[in-house]
K.L.:
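Here it is, the structure in full.
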Amino acid sequence: MTAPPRWRVVGADGSGIVVVDLDEDLRETGRTRGDVVDLAIAASAAPATTRWVWSDTARWYPQLLAHGVTAARGHDLRLCHAILRDSAWTPEASDLRGAVVWDAATAEPSDGAPALFDLDDGEAGAVGVPNGVDAAVDEFRRQRAALAGSTDPARLELLLAAESAGALIAAELHAAGVPWSREVHEGILEETLGGRPAAGELAPRVRELGAVVRAALGDPAASLDSQPKLLRSLHRVGVLAESTSRWELARFDHPAIGPLLQYKKLTRLANANGWTWLDEWARGGRFRPVYVPGGVVTGRWASSGGGALQLPRQLRPAVRADPGWTLIVADVAQLEPRVLAAMSGDRALAEAARGRDLYDGLVERGIVDSRQEAKIAMLGAMYGATTGDSGRLVPALRRAYPRAMGLVDEAARLGAEGGVVTTWLGRTSPGVSDGWRDAQGRAGAPDATEADRARARRSAGDRGRFTRNFVVQGTAAEWALAWLGSLRTELAQLPAVDAASGGEATASGPVFSRRAHLCFFLHDEIIVHAPLGQADLVAEAVRRSAARATQILFGAFPLDFPLDLRIAPDATKD
DNA sequence: AATACAAGCGCG
DNA sequence: AAAGCGCGCTTGTATT
């Protein structure tokens, strides 16, 4: 047990914010009454090692950013509470688990109960966690104690820091926004859909295709947007599909199918990312999605609003740097298989992947016959495929890389038995529900029916595939957070451009309009918006950060995480 | 009229 | 082609 840290409180009462410097032995110096602006002024003079401890980054940080203040380091009590509460590495943290008010945000009422908290600005993430300084101090103390009492404080502390840095970055990404070209987007829409329709009307290409499909179906009134009706229309012309999904329809040979698939593609674009989306989400030359750090149980981020995680590749050309600026677009090649190799210590798999495309490495070693097969096999191994091509190819991987495959197989076994699994840094999967356990129990009873047993087998299998994937997806998310956090620190050290030197301010807000900054993140990919003159420096920083993330998580394990990196004014993916 | 759910498809 | 994991969003339909 380490001694409880002492801290300096410069936060405002009611703000839920405490500023802590764990690197120095600071005594509490008192609190100031005041608003966030006072706090921002006070904190802007704080040393770079200052760690902001607050109830909920999403609740407080946007206001600081709006006042031009960034936080170098953070500790998000809400997110860290969830990690420590669930981690299998903190078995003794019962007082922390008892502090249920800190669970409020993750257990949002679904029964329509009115919110119990007073929201003045409707900020996302501002849910029922306590906002007082005393509550924050108490919770922080509990978290430090839980950490100190854990079976691996070093890794868990790394995770808490990474999660909290992610929370800072999520707020910053929203504040900065993705530079978005309305012109390019509209050009794509017009070329594909044929011009903006009046409200309530269909775009020309959609209307034309609809007519073609109806003609081919021999039914001028056929409904193409209602699945049951469409299915009946298809049956009438002999297309005996069981669903209207693209995959199934594509197997039938009928003149209606081609235009119908095209119709579905176009309506999807028009509905999800058409002119309405553009008006709502790309105002002022910026797409500002709401990121939700820790929104997925595995530790991945979720998003809410704008569909940040689903931007169709088709629209990526609309991501366009401002004049005088450029984009550094980087993604990690085969992040999850590499993570699996590293966390399992599988040197054979690492050897196959080092310095090259991992899938090519498998082909070269004769494990599978083609890159495509390698990819299918590897994904199948991590997702728990049992049938089809994927299931067929997995055994070859299991023979070649027993150590890596053993790790995911063991995770699946534990999950199927109702156990929990844990990522490399200590994030633990949720436990089973009572219903799940009951179903397993019923299947074992003497009077169990075949249906009972089938249901239990199925739910056990489902859960096994979930925990199998959890360890890999979750550790990959940790690597990505370490990459992001490290990169963020590096970018903060680049000089700001000033107007005198020819650099142009952008629409990215008071903090980011003159600095290279992250503007997009999606699981294994980042985009940095940077002044033209800093592109190469940023690219180096991006690569260095990836290497640093690998070193932070996996030390000297001999495996690299190569990046596909482009410097370009737009984010088109090839 | 409001809400819940399933299907389908976009992303990794 | 879909399969095996994790998401968000829109639509139409069913339910209340």
K.L.:
Can you tell me how far C1' of dA3(C) sits from CG of D462(A), to the nearest Å?
P.N.:
14 Å

K.L.:
Is the backbone N or O of V296(A) less than 3.5 Å from a side-chain atom of W301(A), with the two atoms forming a donor-acceptor pair by type?
P.N.:
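Side chain of W301(A) to backbone of V296(A): no pair is present.
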
K.L.:
Starting the side chain at C-beta, find the nucleotide from dG4(C), dG12(B), dG8(B) nearest to A385(A).
P.N.:
dG4(C)

K.L.:
Is it the case that D225(A) and Y263(A) place a side-chain donor and acceptor less than 3.5 Å from each other?
P.N.:
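Result is yes, a qualifying pair exists.
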
K.L.:
Could you state the CG-C1' distance from L269(A) to dG8(B), rounded to the nearest angstrom?
P.N.:
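Value for this atom pair: 16 Å.
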
K.L.:
Would you mind classifying the nucleic acid contact of D331(A) as base, sugar-phosphate or nothing, using non-hydrogen atoms under 4.0 angstrom?
P.N.:
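Touches nothing.
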
K.L.:
Once you apply a heavy-atom cut-off of 4.0 Å, does R300(A) come out as touching a base, just sugar-phosphate, or nothing?
P.N.:
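Base, at least one base heavy atom under 4.0 Å.
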
K.L.:
Using only heavy-atom distances, decide whether a donor-acceptor pair under 3.5 angstrom links the side-chain of R246(A) to the base of dC9(B).
P.N.:
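Answer is no: no donor-acceptor pair is held.
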
K.L.:
Please figure out whether Q310(A) or N469(A) has its closest DNA chain C nucleotide nearer the 5' end.
P.N.:
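The answer here is N469(A).
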
K.L.:
Could you tell me the separation between the CD atom of E248(A) and the P atom of dA7(B), rounded to a whole number of Å?
P.N.:
13 Å

K.L.:
Give the rounded distance in Å between these two atoms: CD of E242(A) and P of dA6(B).
P.N.:
19 Å

K.L.:
Got a donor-acceptor pair under 3.5 Å from the side chain of Q473(A) to the base of dG6(C)?
P.N.:
no

K.L.:
From NZ of K264(A) over to C1' of dG10(B), roughly how many Å is that when rounded to an integer?
P.N.:
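After rounding, the gap between these two atoms is 13 Å.
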
K.L.:
Is S304(A) near enough to dG8(C) that one of its side-chain N or O atoms lies under 4.0 angstrom from OP1 or OP2?
P.N.:
no

K.L.:
W483(A) ring centre to R548(A) NZ or CZ under 6.0 Å, with the angle to the axis within 45°?
P.N.:
no

K.L.:
In terms of the nearest nucleotide of DNA chain C, which residue is placed more toward the 5' end: A272(A) or S245(A)?
P.N.:
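Going by which nucleotide is closer to the 5' end, it is S245(A).
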
K.L.:
Under 4.0 angstrom, heavy atoms only, what part of the nucleic acid is L311(A) near: base, sugar-phosphate, or nothing?
P.N.:
sugar-phosphate

K.L.:
Could you please name the option among dC5(C), dG12(C), dA1(C) that lies closest to any side-chain atom of A250(A)?
P.N.:
dA1(C)

K.L.:
Keeping R300(A) on the side-chain end and Q473(A) on the backbone end, is there a donor-acceptor pair under 3.5 Å?
P.N.:
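Side chain of R300(A) to backbone of Q473(A), a donor-acceptor pair under 3.5 Å: no, none is there.
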
K.L.:
If the glycosidic angle is within 90 degrees of 0 it's syn, otherwise anti, so just tell me which one dG4(C) is.
P.N.:
syn

K.L.:
Report which part of the nucleic acid I376(A) touches: base, sugar-phosphate, or nothing (heavy-atom distance under 4.0 Å, all strands).
P.N.:
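Base contact.
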
K.L.:
Would you call the rings of F554(A) and W424(A) parallel, tilted or perpendicular, taking 30° and 60° as the class edges?
P.N.:
tilted

K.L.:
Nearest to the P312(A) side chain among dG4(C), dG8(B), dC11(B), which nucleotide is it?
P.N.:
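My answer, after comparing the listed nucleotides, is dC11(B).
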
K.L.:
Given atom CG of L224(A) and atom P of dT10(C), what is their separation to the nearest angstrom?
P.N.:
21 Å

K.L.:
Grab the CZ-P distance between R463(A) and dC5(C) for me, whole Å please.
P.N.:
14 Å

K.L.:
Contact class for G391(A) (heavy atom, under 4.0 Å): base, sugar-phosphate, or nothing?
P.N.:
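Nothing, no nucleic acid heavy atom in range.
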
K.L.:
Of all the choices, dT11(C), dG8(C), dC5(C), which nucleotide is nearest to the side chain of S303(A) once you look at every atom?
P.N.:
dG8(C)

K.L.:
Name the nucleic acid region contacted by T267(A), choosing base, sugar-phosphate or nothing; use a 4.0 angstrom heavy-atom cut-off, strictly under.
P.N.:
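No contact.
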
K.L.:
Parallel, tilted or perpendicular: which describes the rings of W277(A) and H185(A), with under 30° parallel and over 60° perpendicular?
P.N.:
tilted

K.L.:
Round to a whole Å and report the spacing from NE2 of H523(A) to P of dC7(C).
P.N.:
10 Å

K.L.:
Among the candidates dG12(C), dG4(C), dC11(B), find the nucleotide nearest to the side-chain atoms of S226(A).
P.N.:
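So the side chain of S226(A) is nearest to dG12(C).
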
K.L.:
Can you tell me the base-pairing partner of dG6(C)? Count Watson-Crick or G-U wobble geometry only, both distances below 3.5 Å, and say none if there is no partner.
P.N.:
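In the structure as shown, dG6(C) has dC11(B) as its Watson-Crick or wobble partner.
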
K.L.:
Looking at T467(A) and R463(A), would you say the former's side chain and the latter's main chain have a donor-acceptor pair under 3.5 Å?
P.N.:
yes

K.L.:
Does a distance-only test, which skips hydrogens and angles, find a donor-acceptor pair under 3.5 Å between the side chain of R313(A) and the base of dG10(B)?
P.N.:
no

K.L.:
With sugar-phosphate meaning primed atoms plus P, OP1 and OP2, does G295(A) contact a base, only sugar-phosphate, or nothing at under 4.0 Å between heavy atoms?
P.N.:
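Nothing, no heavy atom under 4.0 Å.
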
K.L.:
From C-beta outward on Q227(A), which listed nucleotide comes closest to its side chain: dG4(C), dG10(B), dA7(B)?
P.N.:
dA7(B)

K.L.:
Out of dG6(C), dG4(C), dT13(C), which has the shortest distance to the side chain of K229(A)?
P.N.:
dT13(C)

